[in-house]
Amino acid sequence: MCELTPMQSACWFGRVHDAMLGGVAAHLYTEFNGTQLDSDRLRQAIECLYRRHELLRLQLNAEGEVRIRDTLPQNVLEIDNFLHLSEAQQQQKLEDKRRQWTHQQLSLDEGQTVRFSVSLLGNQVFRLHIDADMIAIDPSSFRILMEDLAQFYADSTVCLPSPPSFYDWRNRIQQDLYQRQQQQRARQWWLSRMDIIAPAPALPLKQPTAAGAQSTRLSAIIGAEQALLLRRFACQLQLTFSALILGLFAYTLGKVTHDRAYRLNVPFFWREPLLPYIDRTIGDFADLVLLNVDMTETPDLEIFCRRLATEWRQCLDHRQFSGVNVMRRLSRHHATPQIAPVVFTAAVDLPEKNLFSSRVHKYFGSMDWCISQGPQVALDAQFVQLNNDLLINWDIRLDALADTWVNGLFERFLTLLNTLIAQPEYFSRPLTELNQYLNITEPDEKATPLNALQKSYLSGRSTAFALGGVAMQEFREYAGTLDLPAFRQRLADMVQHHASLRTYIDVRRCVQWVNPQVIINLTEINLCGEEPAAATEKIDSFRRRYQQEIFDLQESPWDITLFQLSAQQFIVFARFDALILDGRSIAALMCELFTDTELKEAPLLSENRQQPDSQTYNTALAYWQAQLQPVTSIPQLPWKQPLATLETSRYQRQSAVLPAQIFDKLCQSGLRQGLFKNSLLMALILAVLNRWQQTSGLLSAAVPVLPLYKGELSNQSTFVVVCWSSVTGFIEQAAKLQKNMLDGLQHLAFSGVDLARLLFEQHGEAPVLPIVITNGLSWPVLPAGSAVHYVNGLTQTPQVAIDIRFMLSDDGALLFNIDFAQAAIDAAIIHDFLAVLVSICQQLADQGLENIDSVLNQTLSGITINPNGQCADAVIRQREQLEHIYRDTLNIEQTIVIEHTRPFSQLGLRPAHVKEITSRINHSFRLTLNPRQLIGCRNMKEVEQLIRAEMDSV
């Protein structure tokens, strides 16, 4: 049984996973146009090709298992006879065929790695269609395929030297001592660069739709004479032709995206010469390097290209550690899936100069169309030499990028290329002069970069990771009487006064900027003439859409919508994206909006933003590493299914109220024990929540905090991590929690995003902090008796399953709000949790905290831990049975302790194991799981949850 290479595995997962820019095969589709084709000779040539190259007979099943077929496919050549059609009908058929073949996935499970077809047209004209899956045939192998095909077509009896086996070559690499040493050297080099690998370019990526991939091509040809001038110019600069083209492309892209630095995905197809004639073997020799492109401090284009070429050489010198593994490590380092959506592919420095020999063109004509697809690739910029011309071929995912944006980038690149062909002196002129000549505008220097938390909120808008597809935003609803003209003026004054309400987010550049123009995001809906029931229905319908709708960031991301019910009766909807405002700032703004307090000036934000020095950062890092070391897994509540398998979810709110008098008595009791209000409430929440914890490990949660600062209302928040263990008594544990919170506030130099990344590195799974506890006791509230009162709201946060908030109402009562992902946890569990929490608060208000442990034990002991009704013994037996299956399949000794939250990647799980494990689970638990369901599980705990969910549905 053969194993997939890292690149083959990435392509295979990209086929079956609906991650960002996924769900497509990595394949290359080409069309050759020629005349006078002998179909029988071509069929014989293809059969010879299949016999010669084993990877053309590769078979890859749904479990990722590879085998090489002994037999040939039944129909190696398809023929479409269009001779009887008119020219217009022929063109339509060819267009339909191109569209279908561009987006197809070859049936690898049936051994279809390449597909050949001929369209017969008039006057002995033909079109040869070839689609090759890159799991078996990478672009460098496609050249070999075409050369061998042409030789066999010329003479099917020709005797060619047998190429070595691709998998023999792979095994030799893995066994070779020098290669292993080089791999270790390269691994250490790449891991040391995790902090300096630049982010992906700031592309204006569209939101994913159900329409699927929509690939197209942009192409241009630089004639042989002009291409020769460019090649000679590269020689003069002591650059390879590829390095020159790379520099021009990278500079153009960076100027369009306005990135200060970004990464490019640069494939290479190096074949370590460990076996004779390996250059004649067809296989997947592809890998990639992540190339940093630095757009800063470059005086001219010549120096820019030289620096980039040096960086490229360094990366290639450490090519032995697969780029796929680098991407995986980078995702773990940042605690979010990382992509490199722009690919640069060059085939202009080939020893043979041209992509195909004259023999290929003699028999099959000219290659007039070529397009590729690949998972997580939005733009693949390809440059090849064909018939001495320079062919520029860009493959674009229009479901991810707008055609107007891509066309603009393409035209700008061609302009730069043609300018340097005609006027090479611009290559050494100052870049300011070149940019002015090309009409390239520089970014607004007043814009400020987004911080790490803002960038993570932007990432959360996509479904590239679990519980994504949402914006971090807050919805609030108010009702009461308003003076409409006065309200409009008040809102206008606030927009003028608060820069946050004039802040725009530039996704492409990852910056924010303040618009000096006052734009009022106010929508007014008059329902005065409606019957009350009809008006209520319209408001309810609007609310369902509005409260979870994601802002278009072409506008400032906030909105106020007024529903007028009568002359002065209104319902007010307000929605704010956390990209511009945190929770406390939103509460303060809403209080300002419904009162007539003076709008006071605030100092500028820039006066309060200071980057921590390295010593402060390192101290904070050491503190949090020690704090989080005991956290062995993410919270394991009775989730409906493993959180890592949830692409997105709608959110729902449940609330409970603790009357002011009872809350005051509870707080007084806490003060006698030295506990602040927020510490006591947080401890009670964690103690009750811990009863639903499905593991003996620590229960961890994120707690948003606001660093002390004086400045304009904005989003300056971060978060810390708190943990809870039921091993010690409540008072002792609550006091420890309070101390840890205070200590954590002294170590905010290590941000919440850093904390999430640290936890991701420990556990290898996401979301790492699905539970959030928010303290809103200090948030401003409307005064009692205000003409407008707060009704309700909803908060949603990417990668958060449960957000527990506590705050005060205008009458001093304590309000618990829980916003939860409906796909993650059952509403009944949230209801029970709130009921138990309020009950315990009431009991403690009456009895004091002196007997809190007995109150907790008595109240919590009646809770059914397992919502599925299974007894504890049955759960334990199932867990042991599952562990036995994995131990036996993966050959893990009994003496080795397996933590059920340990990532499968650390247990040695391979795609080849999945089929056997699925079969054994189905047999043991009488289920009908398929391997793809298990692929989505990161550890045994998630498999256990999946089994429970399936057993409940039977």
- Message: Please check this pair: side chain of Ser717 against backbone of Val705, looking for a donor-acceptor N/O pair closer than 3.5 Å.
- Response: no

Pairs under 3.5 angstrom only: tabulate donor-acceptor contacts from the side chains of residues 742-750 to other protein residues two or more places apart or in another chain.
residue	atom	partner	partner atom	Å
Asp743	OD2	Lys739	NZ	2.7
His747	ND1	Asp743	O	2.8

- Query: Sequence neighbours excluded, which residues qualify as ring-ring contact (aromatic ring centres under 6.0 Å, His included) partners of Phe268?
  - Reply: none

- side-chain hydrogen bond (donor to acceptor under 3.5 Å, both in side chains) involving Asp294 - partner list, sequence neighbours excluded: Thr296

- Given side chains that start at C-beta, do those of Leu890 and His913 come closer than 4.5 Å, heavy atoms only? yes

- Message: So, taking the atom named CD in Gln184 and the one named CZ in Phe321, what distance separates them when rounded to the nearest 0.5 Å?
- Response: 9.0 Å

- Side-chain donor-acceptor pair under 3.5 Å between Arg313 and Thr310, yes or no? yes

- Message: Tell me the closest heavy-atom pair linking Ser700 and Val631, and the distance in Å.
- Response: OG-CG1, 4.2 Å

- Item | is_close_aromatic(Phe249, Phe304), centroid dist under 6.0 Å | no

- Could you tell me which residues satisfy side-chain hydrogen bond (donor to acceptor under 3.5 Å, both in side chains) with Arg306, sequence neighbours excluded, listed by chain and number? Glu302

- Task: Taking the side chain as every heavy atom from C-beta outward, state whether Thr5 and Arg170 have any atom pair closer than 4.5 Å.
- Result: yes

- Item | Listed partners of Ser9 passing side-chain hydrogen bond (donor to acceptor under 3.5 Å, both in side chains), at least two apart | none

- Message: Is it true that Gln641 and Trp639 share a donor-acceptor pair across their side chains at a distance under 3.5 Å?
- Response: no

- Message: For Gln512 and Gln454, which I'm curious about, is there any donor-acceptor pair between the side chains at under 3.5 Å?
- Response: yes

- If you measure only the distance, is there a donor-acceptor pair under 3.5 Å linking the side chains of Asp380 and Gln382? yes

- Shortest non-hydrogen separation from Leu290 to Cys315 and the atoms involved: O-SG, 3.7 Å

- Would you check if Ile135 and Leu60 make a side-chain contact, meaning some heavy-atom pair closer than 4.5 Å? yes

- Item | By side chain to side chain contact (heavy atoms under 4.5 Å, CB included) - contacts of Leu177 (at least two apart) | Arg180, Gln181

- Message: Apply side-chain contact (heavy atoms from CB on, under 4.5 Å) to residues Tyr617 and Asp754 and explain how you reach the verdict.
- Response: CA-CA 11 Å; Tyr617 177 86; Asp754 293 326; 3.8 Å; yes

- Distance (rounded to the nearest 0.5 Å) between Leu330 CG and Ile339 CD1: 11.5 Å

- Query: Is it true that a side-chain atom of Asp395 and a backbone atom of Ser372 form a donor plus acceptor pair closer than 3.5 Å?
  - Reply: yes

- Query: Do Leu553 and Leu458 come within less than 4.5 Å of each other through their side chains, counting heavy atoms only?
  - Reply: yes

- Note on the structure: Smallest heavy-atom separation, Ala250 atom then Val293 atom, equals CB-CG1, 4.0 Å

- Can you list the steps and then say if Val343 with Leu288 is a side-chain contact (heavy atoms from CB on, under 4.5 Å)? CA-CA 9 Å; Val343 176; Leu288 63 94; over 6 Å; no

- Task: Using a 4.5 Å cut-off on heavy atoms from C-beta on, say whether the side chain of Tyr262 contacts that of Leu253.
- Result: yes

- Query: Ignoring hydrogens and geometry, is there a side-chain-to-backbone donor-acceptor pair from Thr718 to Gly752 under 3.5 Å?
  - Reply: yes

- Across all chains, not counting sequence neighbours, the ring-ring contact (aromatic ring centres under 6.0 Å, His included) partners of Tyr457 are none

- Residue pairs passing the ring-ring contact (aromatic ring centres under 6.0 Å, His included) test with at least one member in residues 174-201, sequence neighbours excluded, are Trp189-His318

- Message: Looking only at side-chain N and O atoms, does Gln636 offer a donor or acceptor that is under 3.5 Å from a partner on Gln945?
- Response: yes

- Query: What residues form a side chain to side chain contact (heavy atoms under 4.5 Å, CB included) with Gln175, not counting sequence neighbours?
  - Reply: Asn171

- For Asp803 and Thr797, indicate whether the former's side chain and the latter's backbone hold a donor-acceptor pair under 3.5 Å. no

- Message: Checking side-chain polar atoms at under 3.5 Å, does Gln338 have a donor or acceptor matched by the opposite partner on Arg263?
- Response: yes

- Message: Distance check, rounded to the nearest 0.5 Å: Cys11 atom SG versus Leu4 atom CG?
- Response: 9.5 Å

- Message: Please give me the minimum heavy-atom distance between Leu769 and Ala701, naming the atom from each residue.
- Response: CD2-C, 4.3 Å

- Check the pair Asp176 / Ile173 against side-chain contact (heavy atoms from CB on, under 4.5 Å), numbers first and verdict last. CA-CA 5 Å; Asp176 187 87; Ile173 283 184; 5.9 Å; no

- Between Trp394 and Leu409, is any pair of side-chain heavy atoms under 4.5 Å apart? yes

- Query: Has the side chain of Asp506 got a donor or acceptor atom that lies under 3.5 Å from a matching backbone atom of Val511?
  - Reply: no

- With sequence neighbours left out, what residues match Thr240 under side chain to side chain contact (heavy atoms under 4.5 Å, CB included)? Ser242, Ala243, Asp349

- Query: Do the non-hydrogen side-chain atoms of Pro798 and Ser459 ever get within less than 4.5 Å of each other?
  - Reply: no

- Ignoring hydrogens and angles, state whether a donor on the side chain of Gln183 or Ser322 is under 3.5 Å from an acceptor on the partner side chain. no

- What residues form a side chain to side chain contact (heavy atoms under 4.5 Å, CB included) with Leu246, not counting sequence neighbours? Leu264, Leu291, Leu308, Trp312, Phe344

- Query: Do NZ/NE/NH1/NH2 and the carboxylate oxygens of Arg461 and Asp577 come within less than 4.0 Å?
  - Reply: yes

- Item | By side-chain hydrogen bond (donor to acceptor under 3.5 Å, both in side chains) - contacts of Thr619 (at least two apart) | none

- Message: Before you tell me yes or no, could you show the steps for Val800 and Leu467 under side-chain contact (heavy atoms from CB on, under 4.5 Å), namely the whole-Å CA-CA distance, both residues' side-chain angles and the distance that decides it to 0.1 Å?
- Response: CA-CA 7 Å; Val800 171; Leu467 282 175; over 6 Å; no

- Item | Non-hydrogen side-chain atoms of Val721 and Val703 separated by less than 4.5 Å | no

